[in-house]
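Note: hydrogens, waters and symmetry copies are ignored here, and every other heavy atom, side chains too, is used. Just so you know, these numbers come straight off a predicted model, no measurement behind them. Every chain is numbered from 1 and lettered A, B, ... according to where its sequence line falls, protein lines coming before strand lines.
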Protein chains: 2
Amino acid sequence: METKAIATDKKFQNIFEHANATKNGVCPVRDIIARISDKWTLLSIYALGGYGKMRFNELKHRIGDVSQRMLTVTLRNLESDGLVLRKVYPEVPPRVEYELTDLGLSLMHQMEYIIDWANTNSQEIIKRRKKVGNKK
Amino acid sequence: METKAIATDKKFQNIFEHANATKNGVCPVRDIIARISDKWTLLSIYALGGYGKMRFNELKHRIGDVSQRMLTVTLRNLESDGLVLRKVYPEVPPRVEYELTDLGLSLMHQMEYIIDWANTNSQEIIKRRKKVGNKK
DNA sequence: CGGGATCCCAGATGATACTG
DNA sequence: CAGTATCATCTGGGATCCCG
């Protein structure tokens with residue numbers, strides 16, 4: 001199984017060469033990856049993408065174990081990245097709806113490959129993990 | 001842009017319904033996602049997949065800013081998950097080589113979609129992020 | 001060379017209380 | 001309802017030292 005081919009790809013260099021080069025700034029690609037791979041971002045995007053436009057508490061309930069604070073923080077980040085649209089209705093009590101932008105939706109579609117992979121292999125991986133005797 | 005369709009998918013329910021159901025255990029899919037979305041896992045897999053079999057310090061150098069400790073921890077986890085193969089040669093000084101297993105390679109291929117997306121959109125996102133005036 | 005074991009801190013996250 | 005503000009906590013991860 002030889003896999004050295006892709007090392008010459010542009011996108012590949014964007015992660016490794018670039019990362020070592022710019023010590024001051026941060027590699028843009030790593031930056032994005034870091035952002036979307038935090039604890040709640042993927043789940044938020046996926047929930048919004050799957051169930052469509054939603055209000056804050058509805059989303060919170062969907063995800064289940066996210067705290068109000070962290071969901072707020074996550075959504076604000078997603079909004080400033082242009083992945084989520086936040087719409088506030090001037091009512092009392094307030095109503096706020098969140099939905100994916102086209103950009104957010106496109107990201108979700110890429111995420112699906114990972115989710116599919118995890119769905120397919122999770123049982124096997126976790127079984128093996130315990131067999132080896134790891135703590136976590 | 002209607003996107004409610006996928007909410008009925010099996011894989012979708014594995015993330016949301018399932019997560020709320022099993023309060024004691026953890027949703028297997030979320031578990032896997034959490035594991036591979038930590039700070040170094042993706043980079044390690046990607047480096048190994050791109051450059052092929054590598055020794056410890058070679059890998060460390062490729063990634064660039066990972067500490068010895070975290071690379072060790074990351075590789076151990078990957079090994080116990082069956083994504084990376086660790087081969088120790090009984091020599092002095094010791095030589096240890098790491099390479100992706102077929103499973104690890106298959107995961108890397110799914111990751112490429114995300115990487116591609118990040119490569120394509122990172123500049124735009126980061127530009128927008130600053131414009132909004134967010135701190136980070 | 002490739003780690004293991006410890007110590008320790010910053011930042012991520014949770015819990016709680018308050019508010020327009 | 002949808003936050004904000006504050007305080008408490010927990011943990012990822014770096015630094016350091018040691019070892020076969």
CA sep, side-chain torsions, deciding dist, call: A/Val84, A/Asn77, side-chain contact (heavy atoms from CB on, under 4.5 Å): CA-CA 9 Å; A/Val84 160; A/Asn77 285 335; over 6 Å; no

Once the angle between the rings of A/Phe16 and B/Tyr46 is folded into 0 to 90°, is it parallel (under 30°), tilted (30 to 60°) or perpendicular (over 60°)? parallel

Nearest-Å distance for atom pair CG/C1', residues B/Leu75 and C/dG4: 15 Å

Carboxylate-amine/guanidinium contact B/Arg128 B/Glu124, below 4.0 Å: yes

Does the side chain of A/Tyr98 pick up a donor-acceptor pair with the side chain of A/Glu79 at under 3.5 Å? no

Does some side-chain heavy atom of B/Pro94 sit less than 4.5 Å from a side-chain heavy atom of B/Tyr89? no

B/Arg55 side chain near C/dC1 phosphate (N/O to OP1/OP2, under 4.0 Å): no

Here the distance between atom P of C/dG11 and atom CG of A/Asn77, to the nearest Å, is 16 Å

Return the polar atom pairs (N/O with N/O) between nucleotides 13-17 of chain D and the protein under 3.5 Å, or none.
| from | atom 1 | to | atom 2 | distance (Å) |
| --- | --- | --- | --- | --- |
| D/dG13 | N7 | B/Arg69 | NH2 | 2.4 |
| D/dG14 | OP2 | B/Ser67 | OG | 2.7 |
| D/dG14 | N7 | B/Arg69 | NE | 3.3 |
| D/dG14 | O6 | B/Arg69 | NE | 2.9 |

To the nearest Å, how far apart are A/Phe56 CZ and C/dT19 P? 19 Å

Rounded to whole Å, the NZ-P distance (A/Lys60 to D/dT4) equals 15 Å

For A/Arg76 and D/dG3, give me the distance from atom CZ to atom C1', rounded to whole Å. 7 Å

B/Met54 has an atom CE; how far is it from atom P of C/dC1, in whole Å? 17 Å

Ionic contact status for B/Glu112 with A/Lys11, cut-off 4.0 Å: yes

How many whole angstroms separate atom NE2 of B/His61 from atom P of C/dG2? 14 Å

For residues B/Asp38 and B/Thr41, is any side-chain donor paired with an opposing acceptor at under 3.5 Å? yes

Please report the distance, rounded to the nearest Å, between CG in B/Leu59 and P in C/dG2. 10 Å

Taking everything shown except B/Glu58 itself, do over 12 heavy atoms lie less than 6.0 Å from its CD? yes

Does A/Asn57 make a side-chain N or O approach to OP1 or OP2 of D/dA2 shorter than 4.0 Å? yes

Do any of residues 91-98 of chain B sit with a heavy atom less than 4.0 Å from DNA chain C, and if so which? B/Pro93, B/Pro94, B/Val96, B/Tyr98

Cationic N near anionic O, under 4.0 Å, B/Asp65 to B/Lys39: no

